[in-house]
Amino acid sequence: MHLCPTTRIPRGLPQTIGLARAVFAIAAISTSARAVIALTAPSTWARAVFAIAALFTLLQVDPVLAQAGTETGWINTDRTQALVLGIILTGAILLYVVLASAGRPLFIRKIAGLETVEEAVGRATEMGKPILYVPGLNDMDEVQTIASMNLLGHLATIIAGYDSRLHVPVRKSLVMSVARETVQQSYLSAGRPDAYQEDDIHYVSDAQFAYAAAVDGIIVREKPAACFYLGGFYAESLILAETGNSIGAIQIAGTARPPQLPFFVAACDYTLIGEELFAASAYLSKEPRMLGSLKGQDAGKGIAIVFILAGSALATLETVTGSESVRAFSEIVLWLFR
Amino acid sequence: MRIPDSILHIDRRIIFLLIGAAVCIPLILKPRFQDSPTPIVQSIFDTVERLPPGSRVFLSFDYGPDTAPELDPMAKALVRHTMTRGHEVSFFTLFPEGVGQIKKITDSLLPLEFPEKAYGRDFVNLGYKAGLGGAINTMVVNFRTLVNADAEGTPLDALPITADVDEMVDYVIILSLTAGDPGLKEWIQFAGDIAGIPVMGGGTAVVAPELYPYYPQQLVGLMGGLKGASEYESALVDRYPAFRNAPMDATMRMGPQVVTHVLIVLLVLLGNLAYFLGRADRAGRTGQGTQAGRRP
Amino acid sequence: MDVTLMLWIDAALTLMILSFLYRDNPFYKFAEHLFVGVSAAYLMAVGFWDHLVPNLLGKLFPSLMSGVVPGAVGRSPDYYYLIPAVFGLLLLTRLIDRWAWLSRWALAFIVGGAAGFNLPRFLDSDFIIQVQSTMIPLVVLDASGNLLWGASFSHVVLVLGVICGLVYFFFSVEHKGVLGHVSRAGIWVLMVTFGAAFGYTVMARISLLTGRMEALGAWLGSIF
Amino acid sequence: MRRRIPLIITFVIGLVLITGYFVTRAPFNTLYESFSDYFAIITVFAFILGGGSLLKIHLKRVSSRATDWHYSVVTLVAFLVTLVIGLFKVGNPAGMGGEILAAGSWLRFMFDGVYNPLSATMFSLLAFFVASASYRAFRARTKEATILLSAALIILLGRTPVGAWMTAWMPESLAFLELPNLANWIMAWPNTAGQRAIMIGIALGVIATSLRIILGIERNYLGRGE
């Protein structure tokens with residue numbers, strides 16, 4: 001096992017601190033925000049080069065900003081990098097949210113699976129069969145459950161337009177509360193408040209397999225035409241998906257729990273992979289602010305890719321040349337990632 | 001071309017029956033397969049081995065009875081190893097069902113195989129704490145606000161093993177046996193990365209792949225599923241031949257594993273053979289999915 | 001409890017669930033409904049005694065709880081714990097239709113907490129550290145400076161794999177041209193990951209069944 | 001009132017927790033600590049809410065004689081009996097002060113005798129489903145499916161002694177192609193690459209969603225307004 005050069009990087013660099021440099025650091029942050037825009041907008045190579053250069057400038061300078069915090073003893077020094085990156089990422093997301101709500105048009109690529117949602121609902125209505133929605137096993141303290149609730153809201157709006165029954169068994173009582181609020185709201189906004197059945201959204205049991213056993217029971221007895229599994233899933237993913245498959249339901253799944261993705265991919269018709277689950281509600285709602293935030297996420301990926309490339313290139317250069325100055329430079333660049 | 005079709009649409013229950021047989025027959029015949037540890041497992045073994053006797057070890061049973069067949073062998077191997085090395089072990093769990101798993105160790109394995117080890121001196125049961133990852137966070141920030149007594153309610157100060165434990169960092173290593181959330185990932189995020197305590201342990205074969213990215217920087221070592229447990233058992237038996245006669249659950253259960261794996265591989269090959277033989281027949285009728293595994 | 005009785009109950013319940021593999025039937029329905037009832041109450045009782053009593057009631061009413069909560073004797077009440085108590089009670093208003101809207105306050109607390117809790121945590125562990133762990137040299141040399149082909153290849157696979165995978169997740173650009181090719185390579189990387197994880201997991205599933213079969217074996221052994 | 005106050009609560013809690021992660025001074029750091037504590041307590045109330053909802057649903061089913069209502073009786077009896085046993089620590093040798101799962105207590109029996117076998121058997125169904133899923137889904141239909149299938153087969157064989165035996169004849173120079181080594185390599189490198197890409201993507205998804213929640217852009221979970 002060899003050691004990566006990154007493991008040698010000290011946390012925080014020694015600094016001489018001055019107010020002027022702190023001001024410069026703030027200026028650098030705003031430069032970086034512009035760099036992020038440049039990176040993700042339909043751009044030319046020149047703009048990309050400018051962006052990377054600006055980011056590097058930022059990296060060289062922003063330890064100063066961090067130092068300004070630590071000198072007064074307010075900031076947890078181990079987390080300065082996270083703070084700086086957090087500001088950059090959230091800044092990028094907010095920026096696009098603002099731009100999008102100001103009316104800037106945003107493109108979003110197709111997400112396979114979501115296209116078929118309406119078709120699945122239509123089929124259920126035709127066959128006179130219910131639709132099953134499983135919001136995963138996690139409680140409301142997981143962000144993917146919240147994402148799932150958003151999707152449930154969109155789905156319920158579509159379902160309200162047809163005349164199908166929506167069945168939502170849940171494992172956590174908090175999720176039940178939220179699901180009821182969400183679905184009721186959707187039916188209301190679709191002008192079908194009478195179609196809302198509170199008892200169709202119900203708590204089963206907190207125990208994972210008691211829940212799986214009960215949902216399996218629902219699947220084989222009610223024979224839903226479409227099954228949605230969206231949220232945080234564990235081992236029961238395949239129990240549910242295989243049972244759903246055995247009755248011939250259209251199945252659309254999505255989770256941000258990587259271990260369960262292979263089973264959904266194998267047993268379902270469509271699977272939203274990881275981040276696609278979070279992107280789905282923006283995709284379905286087409287709400288500008290949601291799309292803007294999605295664009296901000298892309299900026300984050302852009303930053304990750306740029307740094308992975310830069311970091312690997314510098315590490316490679318260092319390995320090949322063994323030069324001290326390359327090492328010193330790469331330490332500055334890699335400081336942001338500890 | 002009807003034969004391939006009937007193979008392709010074979011009744012699931014026939015596959016179920018084959019799997020049942022593939023598990024039961026080796027269980028009756030008991031074939032033995034030798035194993036040797038891979039570096040990622042060896043690294044855990046070496047760490048436990050290198051710690052000076054009397055080191056404080058934190059062992060979290062983050063699983064319930066459902067994953068016990070996979071994780072119990074790891075728990076037993078780790079307990080046998082740490083006890084043999086003379087470490088002081090604190091048992092803990094973030095799963096409500098984990099309480100029962102700890103009891104299995106403290107009520108049966110320890111009194112039977114290590115009668116000289118005393119509760120409160122050599123090991124202690126700190127019980128279950130709710131709060132998932134947040135509980136780890138609280139423990140790291142202020143250990144005693146969350147854990148002030150053992151599972152039976154004896155204050156920590158009254159037990160020699162925990163009297164000096166004021167903070168999470170008083171433990172030299174955190175071991176977690178993980179079935180899902182919370183587990184090793186949360187121990188890494190909230191304790192390892194933040195308090196700098198080395199974290200290692202085992203996971204079901206399901207969670208193991210997700211934990212690989214943390215190794216070796218954030219995770220000292222990892223036992224993945226029954227195979228990982230069986231590797232640890234073989235390392236243990238190699239180093240301490242006295243355990244040769246102890247029941248090594250993982251090693252024993254590898255028999256059904258091997259047979260079923262081979263059966264599944266054969267089934268997949270058969271399915272593909274039938275698929276290709278019958279493809280010409282169906283070429284005009286079926287669409288091709290872009291996503292793997294989409295049903296035609 | 002009688003060991004033989006336990007073995008019989010264990011075996012009966014096991015067979016009831018396994019019967020589902022053939023088809024849905026009254027035995028499975030019975031086991032399923034029994035399981036739901038027992039498990040919901042079991043987790044509720046454990047949560048109550050292991051968490052609510054020591055960490056809430058013990059903090060608010062230490063003298064009242066002195067018999068059950070260790071160390072509660074002589075402690076003065078900690079009124080800060082009224083905050084979770086109030087939010088917890090607000091949550092229960094969901095059971096009464098007229099006041100159900102009040103439970104949103106508790107939900108807001110939990111959802112806001114989830115967001116605030118997870119944002120920095122994912123930023124740190126799953127973004128920063130994962131990016132950092134990928135900044136590795138694309139060539140690996142041994143001590144005497146010779147190129148290690150295997151290790152270098154592995155590093156290239158990792159770095160390019162992560163980048164291609166990330167490109168697949170770009171939502172705001174069309175996947176065509178160069179980006180389309182990279183994104184397609186990204187799907188392949190994801191497929192290897194899924195295949196690997198699937199293959200790896202089969203083992204876990206078989207061990208579970210082995211555990212159950214051993215239990216049935218013990219039951220059969222007790223009969224014959 | 002019905003919607004604004006919850007939005008304010010979400011905003012304040014979210015912001016305080018994020019600040020508490022970075023700032024070491026009181027009151028932020030202590031708030032961070034107390035919130036995780038409070039959080040755990042509130043989740044226990046959720047159990048009570050769940051129990052209440054369970055009772056309501058099944059009582060309704062019994063009273064309206066819905067399909068399969070007999071089974072709802074099973075659930076109700078099982079729930080109430082277990083709850084009484086658990087809350088009053090029936091049969092606990094040390095009485096109300098004893099550990100909840102103490103040996104000999106009735107709850108322990110419910111755990112070992114009922115909960116445990118049911119849970120483990122339900123879980124073990126996966127052994128069957130994983131086989132039927134792989135048989136049906138692992139077909140080399142497309143390039144992607146073929147890649148998935150190949151990786152899965154290599155791992156399946158590589159994780160058993162059979163894989164080692166199948167490729168043991170290979171010369172030393174080709175040792176890296178032996179199935180166990182190949183399986184380990186796939187786990188360590190391409191698998192890690194894929195997992196990492198997914199993880200980074202998810203992290204960004206979580207960050208963006210959290211931000212939208214804190215800022216009140218995402219508020220579906222609060223349901224309808226006034």
Side-chain angles (χ1 to χ4, degrees), chain C residues 1 6 9-10 13-14 17 29 33-38 40-41 44-45 47 49 51-52 56 68 84 87-88 91 95 101 104 108 112-113 115-120 122 126-127 130 154 157-158 161-162 165-166 169 188-196 198-200 202 205-206 208-209 212, chain D residues 2 6 9-10 13-14 17-18 21 38-39 41-42 44-45 47 49 51-52 54 71 74-75 78-79 82-83 86-87 97 100 109 113-115 117-118 121-124 126-128 130 144 147-148 151-152 155-156 186 189-191 193-194 196-197 199-201 203 206-207 210 213-214 222:
Chain C
M1 197 61 65
M6 288 283 272
I9 297 176
D10 188 298
L13 295 177
T14 304
I17 296 282
K29 280 187 201 171
H33 284 83
L34 176 76
F35 193 12
V36 166
V38 169
M44 201 166 152
W49 281 111
H51 213 81
L52 207 61
L56 182 68
V68 224
F87 277 112
L91 198 62
L95 292 169
W101 60 275
R104 286 182 201 162
F117 217 70
N118 284 311
L119 193 152
F122 273 86
D126 284 15
F127 184 79
Q130 293 307 321
S154 304
V157 166
L158 180 70
V162 174
L166 281 174
F169 288 114
W188 296 344
V189 173
L190 294 182
M191 287 303 146
V192 173
T193 307
F194 294 155
F198 196 110
Y200 206 92
V202 170
R205 305 321 189 201
I206 306 302
L208 296 166
L209 184 57
R212 279 296 81 202
Chain D
R2 292 193 172 194
I9 295 176
T10 309
I13 304 285
L17 280 178
I18 293 177
Y21 188 79
Y38 297 170
F39 203 74
I41 292 170
I42 295 178
V44 183
F45 279 93
F47 279 125
L49 175 60
L54 183 106
Y71 295 103
V74 176
T75 302
F79 178 78
T82 315
L83 195 64
L87 290 184
I100 182 157
F109 166 74
V114 182
Y115 186 107
L118 283 170
T121 313
M122 208 47 220
F123 204 170
S124 75
L126 275 169
F128 301 99
V130 91
E144 286 80 20
I147 293 172
L148 190 141
I155 301 285
L156 270 173
I186 290 180
W189 300 97
N191 169 59
R196 218 169 248 174
M199 274 163 96
I200 293 173
V206 169
I207 291 170
S210 302
I213 291 165
I214 293 171
L222 289 177

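Just so you know, these numbers come straight off a predicted model, no measurement behind them. Each chain gets a letter, A, B and so on, in the order the sequences are listed, and its residues count up from 1. Both backbone and side-chain heavy atoms feed into the values below; hydrogens, waters and symmetry mates do not.
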I'd like to verify something: which residue of [options] has the highest number of heavy-atom pairs under 4.5 Å with chain C?
options	answer
D:Gly97, D:Gly52, D:Gly194	D:Gly194
D:Gly51, D:Gly201, D:Ala152	D:Ala152
D:Phe79, D:Phe123, D:Tyr71	D:Tyr71
D:Ile207, D:Leu156, D:Ile186	D:Ile207

What pair of heavy atoms forms the shortest contact from [X] to [Y], and how long is it?
X	Y	result
C:Met44	D:Phe47	SD-O, 3.7 Å
C:Ala108	D:Pro6	CB-O, 3.2 Å
D:Tyr115	C:Phe35	O-CE1, 4.0 Å
D:Ile214	C:Ala115	CG1-CB, 3.8 Å

Among [options], which residue has the highest count of heavy-atom pairs closer than 4.5 Å to chain D?
options	value
C:Ile9, C:Thr14, C:Ile206, C:Asn118	C:Thr14
C:Leu56, C:Val189, C:Val38	C:Val38
C:Gly112, C:Ala45, C:Gly199, C:Pro84	C:Pro84
C:Ala196, C:Ser154, C:Gly113	C:Ser154

Assess whether side-chain contact (heavy atoms from CB on, under 4.5 Å) is satisfied between C:Leu95 and D:Leu49, documenting all intermediate values.
CA-CA 7 Å; C:Leu95 292 169; D:Leu49 175 60; 3.7 Å; yes
Please report the interatomic distance [atom1]([X]) to [atom2]([Y]), rounded to the nearest 0.5 Å.
X	Y	atom1	atom2	value
C:Leu34	D:Thr82	CG	OG1	8.0 Å
D:Ile9	C:Phe87	CD1	CZ	4.5 Å
D:Thr75	C:His33	OG1	NE2	4.5 Å
D:Met199	C:Asp126	CE	CG	4.0 Å
D:Leu148	C:Phe194	CG	CZ	8.0 Å
C:Leu209	D:Phe128	CG	CZ	4.5 Å

Can you check side-chain contact (heavy atoms from CB on, under 4.5 Å) on C:Leu158 and D:Arg196, steps first, answer last?
CA-CA 9 Å; C:Leu158 180 70; D:Arg196 218 169 248 174; 3.5 Å; yes
Are C:Leu13 and D:Thr121 close enough, and set up right, to give a side-chain contact (heavy atoms from CB on, under 4.5 Å), and what steps lead you there?
CA-CA 8 Å; C:Leu13 295 177; D:Thr121 313; over 6 Å; no
With a 4.5 angstrom heavy-atom cut-off, could you sort out which part of [X] is near chain C: side chain, backbone, both or neither?
X	answer
D:Leu118	both
D:Val114	both
D:Val206	side chain
D:Leu54	side chain
D:Ile213	side chain

Indicate yes or no: at least one non-hydrogen side-chain atom of D:Phe45 is less than 4.5 angstrom from one of C:Leu52.
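A side-chain contact exists here, since the closest heavy-atom pair is under 4.5 Å.
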Exactly one of C:Phe122, C:Phe127, C:Phe169 should register a side chain to side chain contact (heavy atoms under 4.5 Å, CB included) with D:Ile200. Which one does?
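Checked C:Phe122, C:Phe127, C:Phe169 against D:Ile200; only one passes side chain to side chain contact (heavy atoms under 4.5 Å, CB included): C:Phe127.
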Can you name the salt bridge (Lys or Arg N to Asp or Glu O under 4.0 Å) partners of C:Arg212, sequence neighbours left out?
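Listed in chain order: C:Asp10.
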Pair C:Val202-D:Ile155, side-chain contact (heavy atoms from CB on, under 4.5 Å): steps then yes or no
CA-CA 10 Å; C:Val202 170; D:Ile155 301 285; over 6 Å; no
If we ignore hydrogens and angles and just use 3.5 Å, is the side chain of D:Trp189 paired with the main-chain N or O of C:Gly161 as donor and acceptor?
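Side chain of D:Trp189 to backbone of C:Gly161: no pair is present.
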Region of C:Phe198 in contact with chain D, defined by heavy-atom distances below 4.5 Å
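C:Phe198 touches chain D through side-chain heavy atoms alone.
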